[in-house]
Structures are given as structure tokens and as C-alpha cells.
Amino acid sequence: MPENPENSRTGLSRRHMLTVGGASLLATAATTAAAAVPASAAITTRASADPSTDGTPEQIHLTWGNDPATSVVVSWASPGQAVRPRVHIGERVIPAVERPYTDGMNGETTYTYHARIHHLRPGKTYAYTVTAENDANADDPFSSTFTTAPEGRAKFRFTSFGDLATPNTAWVLSYGQSAYAVGAVESFQPLFHLLNGDLCYGDLNPMVQPEVWRDFGNNNQSSAANRPWMPAPGNHEIEFNNGPQGFTSYLTRYTLPSNGLPQFEGRWYSFQVGSVLFVSLSADDVVYQDAGAFVAGPAALVPAASTGNEPIEPGTSFYINGYSDGEQTRWLEETLREGRRDPSVDWIIVQMHQCPCSSSKTGNGSDAGLRAAWLPLFDRYQVDLVLSGHDHDYERSFPVRGFDHNVGTVTATGATVDTWRPHPVTTVDSGTFDTSHGTVYLILGCGGTSANLDIYGVDAADGDTQARVFIQPNRPIPSPTPGAYGRVGAQATEDAIWSAKRDTATGYGIAVFDVDPGSRSDGQTSITVTQYHALGADPVNPTTGAKGAPTADYTVFETFTLVRPRGNGEGD
Ligand SMILES: [Fe+2]
């Protein structure tokens, strides 16, 4: 089997070359990465202090509590251990819970804090401050506002993208667009934002993961401290030596709605805003693709001595397929069944990182493991919309329901194979789609990372759109370089008859969703979706080769409308 062609293109040293699905990257080696840490990684900290005793809040961000109408969580970190960390809201003082962890690669300890705020009123705006006894800004502590979700059927706006990274280009896959992307969220003033995985690519910067997360958190703070940002874990949240699935950096920074499963809290969850049930999933549990932390070699990856962890040998990848042993899928089915039975729910929107329907040519493509595991459930319970990231571009499917079986082709042999191709219920791009008849899939991996992937597959024989599909795991295999390993890309192709729209102009953008619950008299609900894109932001235009640059200028790419009847609780 050939090595991923992307791996063969670079003439650079292969030490610690890591593969991002279809794209591969040369991660900095352990020694050079440590030297690459900027003298000061702090972006928004307003006062300096001895880091070991500095309890100044930074990386401040909000998430919904279990009920977004009445509960919000304020989370943050500080350079050192905070003394009496707390949130003030009016007369209320809410103590924060400390959740520290020590990175399993460089041995640094990060202190995070989480204050759960309950008993809020729906649809109200609250001012809050975050501080501690050893807050260097104690005389003028960080303050902002947030707004709770409305009660019952109400109009609201949310936004979404994935694959954000940080603006600090010292880090692999980081890029300046990451800052403008956060600004774009703020410019649309959504009630909340969905961040669809691959948050900052800490795993591709394995000896400086806490520093990458810090830059990520400080970049996001300008929006995430004002409105909840709700994340899903992606393949790049999987880090060596950081917990059973590698999610410790992620889980330590976020407090998310409970899924009722103590051993899996934070990995998947649901919450309801207005008449929309949001379901956030951990797709690494079911995808075939192996795209987590990886040591390509030929050198081993050597954790800092203080961690006591052994060198990680070339050819090692952190593959977590099946980690929940079916628990997540059982939870998903129960959650969807209850959602469709609930008369207060009109819409079900799923957020996850990897893609059931991507025709990216240079990215990862689609994953049949994901399709087989979850799409039958999305069909059965009429999931309206599925938001992903993973491929760094924008693509929209027609509404799909059911499958066209045995219509794929194994790339290496030409043999026919079942890719579980989703079946479009229409191929007329009318601009209005009734999602009670079929689920619409959006790829929104258009956040801010440096690797734009806005080039899409075409069948050379007939000019039809074509998708690459993972039909089996792609575990590491020896590469032509002695002692080094690679991971192949998707093994099959299919005609992507489900693909309705692809943004070939840029890999950067943000989706804005305006939910209108309608009125009882017309019985219809709608979500107007507008994709804004950042023309010229691609570091290199994949078609012309022209160099671009980060830009704050987001303009409309397309608008479409989803409609469905109001829920009546008579679901399956
Ligand atoms: Fe990804």
C-alpha cells in the first residue's frame, strides 16, 4: 500500500512528521519545539506577576450548564495556583472548583477553574467578574456579560465553525485567521457558538501543548467570555500521555452538560435552546480513520524526564475507535428518541468533528465507519442538520435519507465496495429544504487553521463530483524512509451525488443560523443559514498558487433555509 502521497511531497526532515488525515505536517522536534516557545505567550493578561504564584484569570470562557435558560459555567486558567478563585454576579459570590492537570509530554502543570452558576433567569443578561486573592488585576478584575437562553419557543441565533487553531504562527497549523475568526463570531452577536473540534492542534506541537492551549484560550476569550462556546472533541484533541483517550487537555478546560455517564463526562452531551435539541458527539469513537496523535519517526518522541513517561516509538498512533464500547451510540439513540418524543423540540442538530459527507480532495474525505454507526439513527429520528469540521473548507449536502449500497470503488483495485453512500432525497438546489424528509450535512472546518483545503474531488472520467471515503482503518505502515511510518488516505471513492455546494474560493468562513420557531397558526418552523467566507485568506490559493493573508473581511457566500413542521412529540 502506498504511503499517503502527502507524506512523500516534503523533502523536509521526517523527524516527528505527523499526519492530519490527508494532510501531513512536519511537527517540530522535541528539542526545537521547546526553543520555539515565545518569550511571552500571554496575549491578554493585563498585569504581570511571578507565574508560580500568579492567580490572574486568563483563557476565560463560558459554556452552558445543563439547562441553558438557567445555568452557565465560567471557566478559566491562571499561570499559577489561584487563591480563592471566584465569580461575582451582583451580590452573589460563586466559588470556583480547581481542576489542575500535568501535561504528560512536557510535565507542566496547568491550573483551571470552573464556577457553575445556577438559578439564573431565562433570556436575561448578567454582568460578572472573575478574580482571586492573587489576581494581579484584583483592583480592576476581568468583567464581562453573558445572556441566558430564552425559555420556550423563541427566535435566537447561533454560529459555528471548527478547526480554529491559534494566531501564534510559532505553532504547527496555527494562523492569523484564527483571531479574525473569533472576531467574526463577535460581529454576529450569536447567543452561543458551536466549535466543531480540532480546537488548537496541541498534539501536533507535542512538547508545548499547554502553551498552544493557552494561546487558543486567550485568543477565544474576546468572544467566549461573552457567550458560551460549545465544543466537540476532534482527532487533534487526542494527545499522548494525557488520559485514556488523550482528552485531558480538553476535558480539563471545559465543563460541559452532563451525559449521565461518569466515566465519559465531557466527551459527548446534549442541551436544548428554545425548540432546538443540540447533540454534541465524539466521532473518534466510531470513525475508521486513524488521525490522532502519531509519531512518524524515524526518531522517537521523548517526553520530558519529569513526566516519567517512556519514549514513544515511531509508528505509534493513538487510535481510540470503539473507546466507549457502544455506550455513546446507546446514549445517542436514547437522546434522539426522547428528543423526537418531546413536544417542546422541533429541531435536532448534531455537532461532531469528522465528516459523513465531504468531497474534499486534499483533506480527509468521508468516513464509512461514521456513516454505518450513526447515520441510520439520524435517519430514524429525523436529525435535521449535522455540523462537522475536519476538512478545512465549506461544503453542504442535499437532504439525504437512507443509503445507496455497493456503489463505491476501491481505489487500489477498482473493485466495487459499499461506502454507505447517503441517498439524496432531492438534487434540486432550491434554497429551501424540508429536513423532516432528509438530513442536511455541513462541513464547517473553515475556522482559522493554516491549512486551507478548499479543493474538491472530480471524477476525471465524467466530470462528476467525487468523494474519497475511508472504508477501513488506516493504521500506520512503514514508509519508504527507513524507520519512518505513514498513514494512508481514504481507500475508496464514490460519486458524491449528495454534494450540493462547495466553496472553491476560500477555506475560511463562519456559518450563522437564525432559528425562527414560527407561529402555532402556520405550524412551520425555519432556520435560515448564511455562510460568510473570508475571501483571500487562504495562505496559498490551491488553484492559482497565489499567496493570501488573514483578513477581517467576511462576506456572504450563500444563504439557504431549512423548514420543518413544529414538533408534536409524536416521534418514533
Ligand atoms: Fe480533524
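One-based numbering, in listed order, for ligands and for the atoms of each.
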Open item on the list: Would you say the Fe ion (ligand 1) has N235 as a near neighbour, meaning an N/O/S atom of that residue under 2.8 Å away?
Closed with: yes
Open item on the list: For the Fe ion (ligand 1), give me the closest N/O/S atom belonging to D198, just the atom name.
Closed with: OD2
Open item on the list: Under a 3.5 Å cutoff, is there a donor and acceptor pairing between the side chains of R267 and Q245?
Closed with: yes
TODO: Measure across D454 and D538 and return the closest heavy-atom pair with its distance rounded to 0.1 Å.
DONE: OD2-OD2, 2.8 Å
TODO: Could you note down all residue pairs passing salt bridge (charged side-chain N to carboxylate O under 4.0 Å, His left out) where residues 365-378 supplies at least one of them, sequence neighbours left out?
DONE: R371-E494
Task: Geometry at the Fe ion (ligand 1) - H390 ND1 versus H353 NE2 angle, rounded to 10 degrees - done: 90°
Task: Centroid-centroid distance, F403 to W420, less than 6.0 Å - done: yes
TODO: Could you confirm whether D163 has any N/O/S atom lying under 2.8 Å from the Fe ion (ligand 1)?
DONE: no
